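Atoms within a ligand are numbered from 1 in the order they appear, just like the ligands themselves. What's counted below: heavy atoms across the whole structure, side chains too, no hydrogens, waters or symmetry copies. All of these numbers come straight from a predicted model, not from anything done at the bench.
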Amino acid sequence: MASIGRFITYASRCVLLQATKTEANLPLLAAAQRLYSTGEYANIKVEKRGDKQNVCLIELYRPKALNALCDALIVDLSDALDKAEADTEIGAIVITGSDRAFAAGADIKEMQKYESFAQVYNSNFISSWHRVANCKKPVLAAVNGFALGGGCELAMMCDIIYAGEKAMFGQPEILLGTIPGAGGTQRLARAIGKSKAMEMCLVGDLRLTAVEAEKAGLVSRVLPVDQLVDETVKTAAKIAGHSKTITALCKEAVNAGYNNSLTEGLSLEKKYFHATFSTHDRKEGMTAFVEKRKAEFKDC
Ligand code: CAA
């Protein structure tokens with residue numbers, strides 16, 4: 001797969017070089033740029049965005065299946081997240097889909113082949129998805145179109161969700177004779193309250209529109225469809241401009257409260273708050289404020 005990817009990358013560079021020669025080739029140029037941006041992945045596109053190129057934009061790309069989350073896509077996504085985490089230039093990650101679908105859930109055609117409880121239990125099916133939730137760097141979801149089942153759960157694994165005006169959120173698993181398996185029964189209730197979450201999970205065909213999702217607290221902003229990705233990247237770039245060390249501590253503290261009890265969360269928050277006082281960046285941030293200048297963080 002990697003060698004096919006390298007070949008595609010090489011071929012697209014060649015097309016790009018040829019295409020720059022005449023104006024008539026502009027559509028070819030655009031196609032080549034798109035192809036180049038897919039790198040070595042079959043199911044996602046990855047590129048650096050933001051003025052300082054410090055945001056990693058990951059686009060889920062299985063258009064024929066409405067970005068259904070098959071095993072191969074999750075492998076691609078996990079690999080891209082590993083690389084973004086390792087890249088010291090990257091300060092935040094944005095995950096998006098197409099205008100029609102963020103993701104229409106786990107791949108039902110793939111799941112249909114499973115025969116028994118033992119098979120899915122022994123293979124620990126779907127546990128690798130948690131790579132998204134375990135990301136140390138901030139992850140923002142830019143959701144246009146369907147975010148159903150695993151698509152809604154994937155968005156909820158992210159730290160911030162922005163929605164396009166036509167986004168739709170739902171947990172229809174019960175209609176397939178199963179239940180949400182990637183955090184939907186847990187994160188949805190925490191985000192929008194027990195009654196609404198229970199209604200969505202038990203009725204199955206209820207969908208929250210973008211505006212309803214914002215009102216319920218599931219998403220933080222609703223934006224015009226064509227501005228969604230750019231606006232999400234803008235927020236991600238702001239976050240990426242902060243100290244990476246302090247940002248990671250802050251994210252972990254918010255998640256500790258969200259994932260654990262309030263007492264555990266508050267205790268961890270206090271420890272991390274105190275810990276920031278041992279960093280260069282905390283000292284620099286406060287000194288810069290007092291001296292009325294922009295802070296220069298060194299991520300330490
Ligand atoms: N898995 C596999 N393929 C899917 C898919 C999914 N989750 N969702 C859509 N597709 C495929 C369709 O089969 C169709 O493929 P073909 O052209 O080969 O038939 C293609 O995407 C386009 O879909 P539709 O023709 O159905 O498009 P539509 O506009 O009429 O409907 C939709 C869109 C309402 C999203 C509908 O596709 C749908 O209901 N999809 C399933 C949604 C769902 O149930 N998600 C939950 C999955 S289970 C899960 O996620 C478990 C978990 O908790 C992890």
**Q.** Neighbour list for ligand 1 [protein residues, heavy atom under 4.0 Å]
**A.** K64, A65, L66, A68, R100, A104, G105, A106, D107, I108, K109, M111, I126, W129, F146, L148, G149, G150, E153, P172, E173, L176, P180, G181, R207
Salt bridge or not for [X] and [Y], using N-O below 4.0 Å?
X	Y	result
D99	K166	no
E231	R221	yes
K271	E252	no

Q | Of L140, I95, I93, the residue whose pairing with C158 passes side-chain contact (heavy atoms from CB on, under 4.5 Å) | A | I95
Q) Can you name the one residue among I174, L188, D205 that meets side-chain contact (heavy atoms from CB on, under 4.5 Å) with M200? A) L188
Q: Please name all residues satisfying side chain to side chain donor-acceptor pair (under 3.5 Å) with R49, sequence neighbours left out, ordered by chain then number.
A: D230
